[in-house]
Amino acid sequence: MSQQVSAHPNTYYDPYLNPHLFDGVRKKRIFACVIDIIAITVLSGIAYFVVGFLGILTLGLAWLLFPAIWPLVALAYTAFSLGGYNSATPGMRAFGLEMRLQNGGRPYPLYAAIHVLLFYFSVTILSPFVLIVSLFSDQKRLLHDIVLGAVIMNSPVDSLHR
């Protein structure tokens, strides 16, 4: 069963012309975030173990890295997965989501890093407001998505085969 998809750049991300791109995105993003947090926790645990071992070899000098492990792992995880070829973190890929820039391009690693930093800062400072914004956004975008011009949507390939 094939669906018509508007290909004009100005109308492609219009939720009224292509509603299948935004069906269930809010709920999928929540579950994708949980998967990504679990993955970051596992990777951070491995990094803590490695830094702990290196701290023994360096007589405690490497232990100065402990406070930076979680933020650096989360930043690298998001920058290289969201800014990579698939334009999605592993959690987003599990739920058939991807990110696009407002002009239709794919995010690059620096853009993805800025996106995740803005996410962490906005959630820390404006936690309820960040999520409430998505209830009033046609594209189900969060505050940091709107500020940076990012669109999180169902993968067009997945949404055409539903």
Checklist line | Intermediate values then yes/no, side chain to side chain contact (heavy atoms under 4.5 Å, CB included), Val123 and His144 | finding: CA-CA 9 Å; Val123 166; His144 61 285; 6.0 Å; no

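- If you chain together hydrophobic residues whose side chains sit under 4.5 Å apart, Ile56 and Tyr48 fall into the same group.
- Side chain of Tyr108 to main chain of Gly84: no donor-acceptor pair is present (N/O by atom type, distance under 3.5 Å, no hydrogens or angles).
- Considering all non-hydrogen atoms of both residues, Thr58 and Ala62 come closest at OG1-N, 3.1 Å.
- For the pair Arg93 and Pro90, the minimum side-chain heavy-atom distance is below 4.5 Å.
- Taking CG of Leu118 as the reference point, atom CD1 of Ile146 lies at 11.0 Å (rounded to 0.5 Å).
- Heavy atoms only, all atoms of each residue included: Gly83 and Pro109 are closest at O-CD, 3.4 Å.
- A distance of 11.5 Å separates CG in Leu57 from CG in Leu61, rounded to the nearest 0.5 Å.
- Side chain of Ser122 to main chain of Phe119: a donor-acceptor pair is present (N/O by atom type, distance under 3.5 Å, no hydrogens or angles).
- Remark: Arg29 engages Asp145 in a salt bridge, criterion side-chain N to carboxylate O under 4.0 Å.
- Between Leu101 and Pro107 there is a side-chain heavy-atom pair separated by less than 4.5 Å.
- Considering only heavy atoms from C-beta on, Ile35 comes within 4.5 Å of Phe95 through its side chain.
- Closest of all the heavy-atom pairs between Ile37 and Thr41 is O-OG1, 2.7 Å.
- Cluster annotation: Ile125 is connected to Val133 through the hydrophobic network of ILVMFWY side chains, with a link wherever side-chain heavy atoms come within less than 4.5 Å.
- Side-chain contact check for Glu98 versus Ile152: every heavy-atom pair is 4.5 Å or farther apart.
- The hydrophobic cluster analysis finds Tyr85 isolated: no Ile, Leu, Val, Met, Phe, Trp or Tyr side chain comes under 4.5 Å of it, directly or through other members.
- Side chains of Leu82 and Val116 form no contact here, defined as non-hydrogen atoms less than 4.5 Å apart.
- Under a hydrophobic-cluster definition in which Ile, Leu, Val, Met, Phe, Trp and Tyr are linked whenever side-chain heavy atoms come within less than 4.5 Å, directly or via other members, Ile38 and Leu43 are assigned to different clusters.
- The number of heavy-atom neighbours closer than 6.0 Å to CZ of Phe53, taken from other residues, nucleotides and ligands shown, is 12 or below.
- Taking hydrophobic clusters as Ile, Leu, Val, Met, Phe, Trp and Tyr residues chained together by side-chain heavy-atom distances below 4.5 Å, Leu126 does not share a cluster with Ile132.
- Rounding to the nearest 0.5 Å places CG of Asp36 at 7.0 Å from OG1 of Thr78.
- Minimum interatomic distance between Tyr77 and Ala39 (heavy atoms only, all atoms of both residues): OH-CB, 3.6 Å.
- Residue Gln139 holds its CD atom at 12.0 Å from CZ of Arg26, rounded to the nearest 0.5 Å.
- The two residues Ser87 and Arg106 make their nearest non-hydrogen contact at OG-NH1, 3.0 Å.
- Residues Val151 and Arg141 form a side-chain contact, since some pair of their non-hydrogen atoms from C-beta on lies under 4.5 Å apart.
- Using modelled atom types, one side-chain atom of Asn103 and one backbone atom of Gly105 make a donor-acceptor pair closer than 3.5 Å.
- Follow the hydrophobic side-chain contacts under 4.5 Å out from Met99 and you reach Leu110 in the same cluster.
- Heavy-atom contacts from other residues, nucleotides or ligands closer than 6.0 Å to CZ of Phe66 number more than 12.
- In terms of heavy-atom proximity, Gly52 sits nearest to Trp63 at O-NE1, 3.1 Å.
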Working note: Ile40 + Trp70, criterion side chain to side chain contact (heavy atoms under 4.5 Å, CB included); need CA distance, chi angles, decisive distance, verdict. CA-CA 8 Å; Ile40 291 169; Trp70 176 270; 3.6 Å; yes

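- Between Met92 and Asn86, the closest side-chain pair of non-hydrogen atoms is not below 4.5 Å.
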- Show your reasoning for whether side chain to side chain contact (heavy atoms under 4.5 Å, CB included) applies to Asn154 and Phe22. CA-CA 6 Å; Asn154 291 315; Phe22 301 99; 5.7 Å; no

